[in-house]
Amino acid sequence: MKILVLPGDGIGPEITGATLDVLETVDKRLGLGLAYETHDIGLASLAASGTTLPDAVLRRVPLVDGVLLGPVSHYEYPPRAEGGINPSAELRTTFELFANVRPCRSRPGLSVLRTPMDLVIVRENTEGFYSDRNMYAGSGEFMPDPDLALSVRKVSARASARVARAAFELARGRRRKVTAVHKANVVKLSDGLFLREVRKVAAEFPDIQFDELIVDATAALLIRNPGRFDVVVTTNMFGDILSDEASELSGSLGLGGSVNTGDTICVAQAQHGSAPDIAGQGVANPTSLILSAAMLLDWRGRRDGDDRLRRAAALISGAVDAVLDDPATRTRDIGGHLGTAEYAAAVRHTIENAPEATS
């Protein structure tokens, strides 16, 4: 399995290095034959080649078995015409990575919730309120005069149906419930279209319980009654906000894995940003990217029917659980004292000494 590694900005190189150490450890344990190809993106490639996302990198994406994407500081990039391309958005739209899958599970001793959370948010990934990716040419956000800003929201039947199907298929391997989250009481046409397509897909899955919920109520119920949710499917911005809320409630935004998936390509990406304020200090928590890499292995294992990759994913996830369960082996942001490298070493040690690797 060849993985394209794009370390990114800020803490990206540090947490990417930690993640690769963990992958190399599980590779030695199970003989996966992992190989890596690393390219600069973001501010490093902007300085070297005038663009934050070189064409050579884009050409490699379909030719590898998966992508490991570190966080990027796209807020700091210059305009697109000056080379400031958001790598995350560009990968999602160019390769139609329509589903952003973000599991959120309570961590003992870290969650602020009164009752456990174990859910997955499946977020539409290519359109919605995100004005940098919903137009064929130009931006969906514009200013007719200096005192008026307008933004276009794009919701298509095709994208809505694709992400809905991904959510229902995922639910079949979990507790068999899907909740469609929307704001159709206000944005009646666009969320109405989204719900129309989700309902069509729901009819194809009679074995899956289906309900609908307004986004406001969802945000409240994630706190009051998280156990009512299994798989949540929603539009781009709602999914972004709700998944950050759910991850923080379950322990920390830094503890949630995430993958962007299409029909044939998967990009593993940490849920959080590049945290330039702590870059280079060796204190960043690499858990999110480590778990995202595990999700990438699991996705590839399911796609190729490779049980070794699925066992590797389970082994990594189990090792992270064990390390986080012990306050002495947590990173500083969640009350521990370990730095990035020390935390990765603890995960690697747990993998090396696990009694067996089971899925």
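What's counted below: heavy atoms across the whole structure, side chains too, no hydrogens, waters or symmetry copies. Here the structure is a predicted model, which means the values were calculated and not measured.
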**Request:** List the steps and the verdict of side-chain contact (heavy atoms from CB on, under 4.5 Å) for M1 and R300.
**Result:** CA-CA 9 Å; M1 177 178 179; R300 194 77 218 183; 3.9 Å; yes
**Prompt:** Does T329 use its side chain to pair, donor to acceptor, with the backbone of V323 at less than 3.5 Å?
**Reply:** yes
**Asked** Are V267 and L34 connected, step by step, through hydrophobic side chains (Ile, Leu, Val, Met, Phe, Trp, Tyr) whose heavy atoms are closer than 4.5 Å?
**Response** no
**Stepwise side-chain contact (heavy atoms from CB on, under 4.5 Å) check, L170 with R172** = CA-CA 5 Å; L170 180 61; R172 274 187 167 158; over 6 Å; no
**Asked** Is the closest side-chain donor-acceptor distance between H39 and E37 under 3.5 Å?
**Response** yes
**Salt bridge present between E124 and R162 (N-O < 4.0 angstrom)** = no
**Message:** What I want to check is whether the side chains of N86 and S88 have a donor and an acceptor closer together than 3.5 Å.
**Reply:** no
**Asked** Do S247 and Q271 have a side chain donor and acceptor closer than 3.5 Å?
**Response** yes
**Prompt:** Can a donor-acceptor pair be found between the side chains of E127 and N236 at a distance below 3.5 Å?
**Reply:** no
**Asked** Is it true that a side-chain atom of D9 and a backbone atom of S274 form a donor plus acceptor pair closer than 3.5 Å?
**Response** no
**Prompt:** S243 and E245: side-chain donor and acceptor closer than 3.5 Å?
**Reply:** no
**Message:** The test is side-chain contact (heavy atoms from CB on, under 4.5 Å); show your working for H182 and V198 and say whether it passes.
**Reply:** CA-CA 11 Å; H182 64 93; V198 177; over 6 Å; no
**Asked** Is any NZ, NE, NH1 or NH2 atom of the basic residue among R102 and D240 found under 4.0 Å from an Asp or Glu carboxylate oxygen of the other?
**Response** yes
**Residue among V231, V232, D211 satisfying side chain to side chain contact (heavy atoms under 4.5 Å, CB included) with K177** = D211
**Prompt:** S288 side chain to G256 main-chain N or O, any donor-acceptor pair under 3.5 Å?
**Reply:** yes
**Salt-bridge contact K183-D191 (side-chain N to carboxylate O under 4.0 Å)** = no
**Message:** Taking Y130 as the starting point, is it possible to reach F98 by hopping between hydrophobic residues whose side chains are less than 4.5 Å apart?
**Reply:** no
**Asked** Do side-chain atoms of E76 reach the backbone of V72 as a donor and acceptor pair under 3.5 angstrom?
**Response** no
**Message:** Can a donor-acceptor pair be found, under 3.5 Å and without considering hydrogens, that links the side chain of D304 to the backbone of D306?
**Reply:** no
**Asked** Could R310 and D298 be called an ion pair, given the rule that one side-chain N must be under 4.0 Å from one carboxylate O?
**Response** yes
**Message:** Tell me if a side-chain donor or acceptor on R133 pairs with a main-chain N or O of G140 at a distance below 3.5 Å.
**Reply:** no
**Request:** Report yes if some heavy atom in the side chain of I290 is under 4.5 Å from a heavy atom in the side chain of Y343; otherwise report no.
**Result:** yes
**Asked** Looking at R176 and D230, does any basic side-chain N land under 4.0 Å from a carboxylate oxygen?
**Response** no
**Request:** Inspect the contact between R80 and D132 and indicate whether a charged nitrogen and a carboxylate oxygen are less than 4.0 angstrom apart.
**Result:** no
**Prompt:** Y36, L309: one ILVMFWY side-chain cluster at the under-4.5 Å cut-off?
**Reply:** yes
**Asked** Should R199 and E212 count as an ion pair when the cut-off is N to O under 4.0 Å?
**Response** yes
**Asked** So, does E342 use its side chain to make a donor-acceptor pair with the main chain of G339 at under 3.5 Å?
**Response** yes
**N/O donor-acceptor pair under 3.5 Å between N125 side chain and L97 backbone** = yes
**Prompt:** Do you see a donor-acceptor pair shorter than 3.5 Å between the side chains of N285 and S252?
**Reply:** no
**Asked** Is there a donor-acceptor contact under 3.5 Å from the side chain of T340 to the main chain of A284?
**Response** yes
**Request:** Could you check S106 against S250 for side chain to side chain donor-acceptor pair (under 3.5 Å), going step by step and ending with a plain yes or no?
**Result:** CA-CA 4 Å; S106 301; S250 64; 6.0 Å; no
**Request:** Starting from the C-alpha separation in whole Å, work towards a yes-or-no answer on side-chain contact (heavy atoms from CB on, under 4.5 Å) for S317 and L291.
**Result:** CA-CA 6 Å; S317 297; L291 289 177; 4.1 Å; yes
**Message:** Under a 3.5 Å cutoff, is there a donor and acceptor pairing between the side chains of S45 and T52?
**Reply:** no
**Item:** Short side-chain to backbone donor-acceptor contact, N134 and T126, under 3.5 Å
**Value:** no
**Prompt:** Between R153 and F238, is NZ or CZ placed under 6.0 angstrom from the six-membered ring centre and within 45° of the ring axis?
**Reply:** yes
**Prompt:** Taking side chain as C-beta onward, heavy atoms only, is L315 less than 4.5 Å from R311?
**Reply:** no
